[in-house]
Student: 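Before I ask anything, let me first share the structure, which is written out below as structure tokens.
Quick note on labels: first sequence line is chain A, next is B, and so on, each numbered from 1.
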Amino acid sequence: MINLIKGFHDILPDQSLKWAFIVNKARNCLERFGFREIVTPIMEKTELFQRGIGRTTDIVEKEMYTFQDIGSDSLSLRPEATAGILRAVVEHSMLKREPVLKLFTIGPMFRRERPSKGRFRQFFQINAETMGDDSPLTDAETILASYTLLDDIGVGNFSLEINSVGCKNCRHLYRSALVKYLEPSLNSLCPDCQRRIETNPLRILDCKEPQCIAVSRDAPLITEFLDSSCRDHFEKVKLALTSIGVPFRLEPRLVRGLDYYTRTAFEFVHSQLGRTKALGGGGRYDSLISELGGPDVSGIGFGLGIERLAMNLPDDHADFLRNTDIFVAIIGAGPLNPGFELVSRLRRSGLSVEARYSGMSLKAQMKVADRLSAGWVVMIGDDELALGKATMRDMTTKRQFLVELDDIERVVRGEIF
RNA sequence: GAGGGCGUAGCUCAGUUGGCAGAGUACAGGGUUGUGGCCCCUGGGGUCGUGGGUUCGAGCCCCAUCGCUCUCCCCA
């Protein structure tokens, strides 16, 4: 037996309705917010991710599935969606035709991490980006879109954390101040953080090691180093969120794993999963589009993990159960072909119809009908065949009666009887 | 990358000091010759992860190996 790749997973039929529910709600919600769907490849040139996400991030350094194509290009499976979307936007000059562009995509991402609960090497993400508009109201609207999405899907027990990580200039000043503060305590930090002080000191604030938490407890905060324009932007985002009733918590230590974020950063934290397994998050990126060869405009986006959403929804919700309108029970060999034709005709009328053609006993067929939670069973045996009619059974009330074949649809739709 | 736990029926798992391979559930058939759920009966279904070792005898003990899972770092 050949089994699946570590960290990959199959979505079996008893989960797929739940997935379809999530994806349908997401599409509906994002389209209401003015986003249109874009589908980009799951593979891109490695360089795109190196330039976009940042060469020193964990994701690019050690989590990408990268291989050499026949020829010369190094290719990688996408570890996140934004870089690929922006590549397409720049490549097709979409911002020239549409200076404010709102796109979403739904699909698999790949990161070669050690898998654990709710963490996969292939995972599905819902991703939305607004480009060409750096109004704080757009930040608020993007956050509202993701918040509404979670609400529509019915995920509970989460909170929204927001922060501003400043622009390049604020970050530069802050980084120096933070390093200056941490350096005397360098030896008390965990090995990872001792390395991070060179590579990415901001991440130390997010470290969960007790000794690092202790050291960084009184560290200066990025919010104290925001210049007037970044501070003003952040204030307006918070005001806007408040004005539309989106509850949030300020989290001055929130630092996201992708280097390109500037100013607004946010994360949806589930109360049981904790911040290390966030439902999703996002932020603004001021220079990513121009770095990828596009115009010098800002963008903001978010990603939500479908597995993380699914694991926080019950499996037995009514919307996730399969719905069969009619099970046609064929009794005996004589009615086999008439029954087959009846099934086809009923399906053509838009009903969901199931039947078995293997000569099962009526009792066995009733069991199947029950398992499919069919609303009605239409029975056709020699007796019915002789009359040109069918017996209908309402599976909820057990009421049973003979009907003309042409009346079946109307009975199911509640128009007669 | 570091560290735990677990591999026995499709699924969830029990299996005592080493002594005939088990239960529940699911599936199939019957109890009802044409009627579902509840109940009762019956049945099929096993490379006990794999390889080696110890032993009269191994699911159990030893060694190796593979896999899964969970935690941490980090993210979705």
Student: Is it true that a side-chain atom of A/R87 and a backbone atom of A/L292 form a donor plus acceptor pair closer than 3.5 Å?
Tutor: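 Judged by distance alone, no pair lies under 3.5 Å.
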
Student: So what does A/Q400 touch, heavy atoms closer than 4.0 Å: a base, only the sugar-phosphate, or nothing?
Tutor: base

Student: Taking atom types as they are modelled, is there a donor-acceptor pair under 3.5 Å from the base of B/rG34 to the side chain of A/E384?
Tutor: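 Such a pair is found, so the answer is yes.
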
Student: Ignoring hydrogens and angles, answer whether the base of B/rG36 and the side-chain atoms of A/R371 contain a donor-acceptor pair closer than 3.5 Å.
Tutor: no

Student: Can you see if the side chain of A/K277 gets near the phosphate of B/rU71 - specifically, an N or O under 4.0 Å from OP1 or OP2?
Tutor: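 Looking at the OP1 and OP2 atoms of B/rU71, one of them is under 4.0 Å from a side-chain N or O of A/K277.
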
Student: Using the six-membered ring wherever Trp is involved, compare the ring planes of A/F268 and A/Y147 and label them parallel, tilted or perpendicular (cut-offs 30° and 60°).
Tutor: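 Answer is tilted, since the angle falls between 30° and 60°.
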
Student: Which is more 5' along RNA chain B, the nucleotide nearest A/G381 or the one nearest A/I306? Just name the residue.
Tutor: A/G381

Student: Taking atom types as modelled and ignoring hydrogens, do the side chains of A/D134 and A/S298 form a donor-acceptor contact shorter than 3.5 angstrom?
Tutor: no

Student: What's the NZ-C1' distance between A/K6 and B/rG49, to the nearest Å?
Tutor: 15 Å

Student: Just checking A/K363: base, sugar-phosphate only, or nothing, at a heavy-atom cut-off of under 4.0 Å?
Tutor: base

Student: Looking only at N and O atoms, is any donor in the side chain of A/R114 or the base of B/rC74 less than 3.5 Å from an acceptor on the other one?
Tutor: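 For A/R114, whose side chain was compared with the base of B/rC74, there is no donor-acceptor pair (under 3.5 Å).
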
Student: With RNA chain B as reference, determine whether A/T397 or A/E80 sits nearer its 5' end, using the nearest nucleotide of each.
Tutor: A/T397

Student: Just to confirm, is there a sub-4.0 Å distance from OP1 or OP2 of B/rC70 to any side-chain nitrogen or oxygen of A/S116?
Tutor: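 No, A/S116 has no side-chain N/O under 4.0 Å of OP1/OP2 on B/rC70.
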
Student: Nearest whole angstrom, please: distance from the P of B/rU32 to the CD of A/Q365.
Tutor: 20 Å

Student: Rounded to whole Å, please give me the gap between CE in A/M366 and C1' in B/rC38.
Tutor: 15 Å

Student: Tell me what A/F124 touches on the nucleic acid: a base, only sugar-phosphate, or nothing, going by heavy atoms under 4.0 Å.
Tutor: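 Here A/F124 touches no strand at all.
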
Student: Measure from CG on A/L279 to C1' on B/rA76 and round the result to the nearest Å.
Tutor: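 Going from A/L279 (CG) to B/rA76 (C1'), I get 9 Å.
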
Student: Could you please name the option among B/rG34, B/rA76, B/rG31 that lies closest to any side-chain atom of A/R308?
Tutor: B/rA76

Student: Is A/D139 paired with A/R284 through a side-chain N to carboxylate O contact shorter than 4.0 Å?
Tutor: yes

Student: Would you say the side-chain atoms of A/Y65 and A/Q122 include a donor-acceptor pair closer than 3.5 Å?
Tutor: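 Judged by distance alone, the side chains do not pair up.
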
Student: Would you mind telling me which of B/rC74, B/rG34, B/rU71 lies closest to the side-chain atoms of A/E113?
Tutor: B/rC74

